[in-house]
Novice: 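Below is the structure I would like to discuss, written out as structure tokens.
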Amino acid sequence: QLQLVESGGGLVQPGGSLRLSCAASGFTLDYYAIGWFRQAPGKEREGVSCISGYDITTNYADSVKGRFTISRDHAKNTVYLQLNSLTPEDTAVYYCAAANRRLLRRLCVFQEDSYDYWGQGTQVTVSS
């Protein structure tokens, strides 16, 4: 089956860093747009960052711009989200998603129904 598996979450203090990984199983991520989303309890899921299928474009939510970085390692069939300068407001379950839409080869969006495959999520908790 086709699936994505997130890892790398954990408990960190404010100002700390984490690197989240999204590994693909059953398919290659080449040419797939990748999105990272997060959801805190009682809140709506929101887009955090995305990268286009050709690695041409990256986008970030205003709340994480300058602190988070999305990247792709084709050899490892894995995408990463580097989280820096974390605050308690970043506490959430983080999900990665992949889309094979042609239009997302050169751009990416935070529209959830654009993505075909989703991971199970990894918990990030930022607390003193």
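Because only heavy atoms are used, hydrogens play no part in the values below, and waters and symmetry mates are left out as well, while side chains stay in. This is a predicted model, so every value here is computed, not measured.
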Novice: Distance-only, no hydrogens or angles: does the Glu6 side chain make a donor-acceptor pair with backbone N or O of Gln120 under 3.5 Å?
Specialist: yes
Novice: Could you give the distance from OG (Ser127) to CG (Leu11), rounded to the nearest 0.5 Å?
Specialist: 6.5 Å
Novice: Can you find a pair of side-chain heavy atoms, one from Pro14 and one from Thr87, that are under 4.5 Å apart?
Specialist: no
Novice: For the residue pair Ala92 and Ala40, what are the closest heavy atoms and their distance?
Specialist: CB-N, 3.8 Å
Novice: Answer with yes or no whether the hydrophobic clustering places Val12 together with Val64; edges join I, L, V, M, F, W, Y residues whose side-chain heavy atoms lie under 4.5 Å apart.
Specialist: yes
Novice: Got Arg67 and Ser85 here, is their nearest side-chain heavy-atom distance under 4.5 Å?
Specialist: yes
Novice: Count the heavy atoms of every other residue, nucleotide or ligand shown that sit under 6.0 Å from CG of Leu103, and state whether that count exceeds 12.
Specialist: no
Novice: Please evaluate residues Gln82 and Phe68 with respect to the criterion side-chain contact (heavy atoms from CB on, under 4.5 Å), reporting the C-alpha separation (whole Å), side-chain torsions for both, the decisive distance (0.1 Å), and the verdict.
Specialist: CA-CA 5 Å; Gln82 179 68 41; Phe68 292 7; over 6 Å; no
Novice: Would you please test Thr122 and Tyr95 for side-chain contact (heavy atoms from CB on, under 4.5 Å) and show each step?
Specialist: CA-CA 7 Å; Thr122 185; Tyr95 301 88; over 6 Å; no
Novice: Are Tyr94 and Arg38 close enough that a side-chain donor and a side-chain acceptor fall under 3.5 Å?
Specialist: yes
Novice: Can you confirm whether Ser49 sits close enough to Leu81 that some side-chain heavy atom of one is under 4.5 Å from a side-chain heavy atom of the other?
Specialist: yes
Novice: We want to know whether Asn84 and Ser17 form a side-chain donor-acceptor pair, criterion being a heavy-atom distance below 3.5 angstrom.
Specialist: yes
Novice: Please report the interatomic distance OG1(Thr28) to CG(Asn77), rounded to the nearest 0.5 Å.
Specialist: 4.5 Å
Novice: Classify the ring geometry of Trp118 against Phe37: parallel below 30°, tilted from 30° to 60°, perpendicular beyond 60°.
Specialist: tilted
Novice: With a 4.5 Å limit on heavy-atom distance, are the side chains of Ile34 and Tyr115 in contact?
Specialist: no
Novice: Kindly give the heavy-atom pair with the smallest separation between Leu29 and Ala24, and that separation in Å.
Specialist: CG-CB, 3.5 Å
Novice: Counting N and O atoms only, with roles assigned by atom type, does the side chain of Asn100 sit under 3.5 Å from a partner on the main chain of Asp116, one being a donor and the other an acceptor?
Specialist: no
Novice: Within 45° of the ring axis of Tyr54 and under 6.0 Å from its six-membered ring centre, is that where the NZ or CZ of Arg106 lies?
Specialist: no
Novice: Any sub-3.5 Å donor-acceptor pair from Asp90's side-chain atoms to Leu83's backbone N or O?
Specialist: no
Novice: When you compare the side chain of Leu18 with that of Val124, does any pair of heavy atoms fall below 4.5 Å?
Specialist: yes
Novice: Does Val79 reach the side chain of Leu4, with side-chain heavy atoms less than 4.5 Å apart?
Specialist: no
Novice: Quick one, His74 and Asp30 - any side-chain contact, counting heavy atoms below 4.5 Å?
Specialist: yes
Novice: Hydrophobic cluster membership, with links at side-chain heavy-atom distances under 4.5 Å among I/L/V/M/F/W/Y: are Tyr60 and Val126 in one?
Specialist: yes
Novice: Considering all heavy atoms of both residues, which atom of Thr78 and which atom of Ser21 are nearest to each other, and what is their separation?
Specialist: CG2-CB, 4.2 Å
Novice: Atom OH of Tyr32 and atom OH of Tyr117: how far apart are they, to the nearest 0.5 Å?
Specialist: 4.5 Å
Novice: Check whether any side-chain heavy atom of Tyr31 lies under 4.5 Å from a side-chain heavy atom of Leu104, and answer yes or no.
Specialist: no
Novice: Could you tell me the separation between the CD1 atom of Ile56 and the SG atom of Cys108, rounded to the nearest 0.5 Å?
Specialist: 11.0 Å
Novice: If you compare all heavy atoms of Glu112 against all heavy atoms of Arg45, which two are closest, and at what distance to 0.1 Å?
Specialist: OE1-NH2, 2.8 Å
Novice: To the nearest 0.5 Å, what is the distance between CG on Asn59 and SG on Cys50?
Specialist: 4.5 Å
Novice: Given side-chain contact (heavy atoms from CB on, under 4.5 Å), test Leu20 with Trp36 step by step and report yes or no.
Specialist: CA-CA 10 Å; Leu20 307 183; Trp36 282 95; 3.7 Å; yes
Novice: With clusters defined by side-chain heavy atoms of hydrophobic residues (ILVMFWY) lying less than 4.5 Å apart, directly or transitively, does Tyr80 cluster with Leu86?
Specialist: no
Novice: Given the rule in the side-chain contact (heavy atoms from CB on, under 4.5 Å) test, do Arg72 and Ile51 qualify, once you have shown the distances and angles that lead to the verdict?
Specialist: CA-CA 8 Å; Arg72 186 199 309 260; Ile51 185 168; 3.8 Å; yes
Novice: Okay, side chain of Gln13, backbone of Ser128: is any donor-acceptor separation there less than 3.5 Å?
Specialist: no
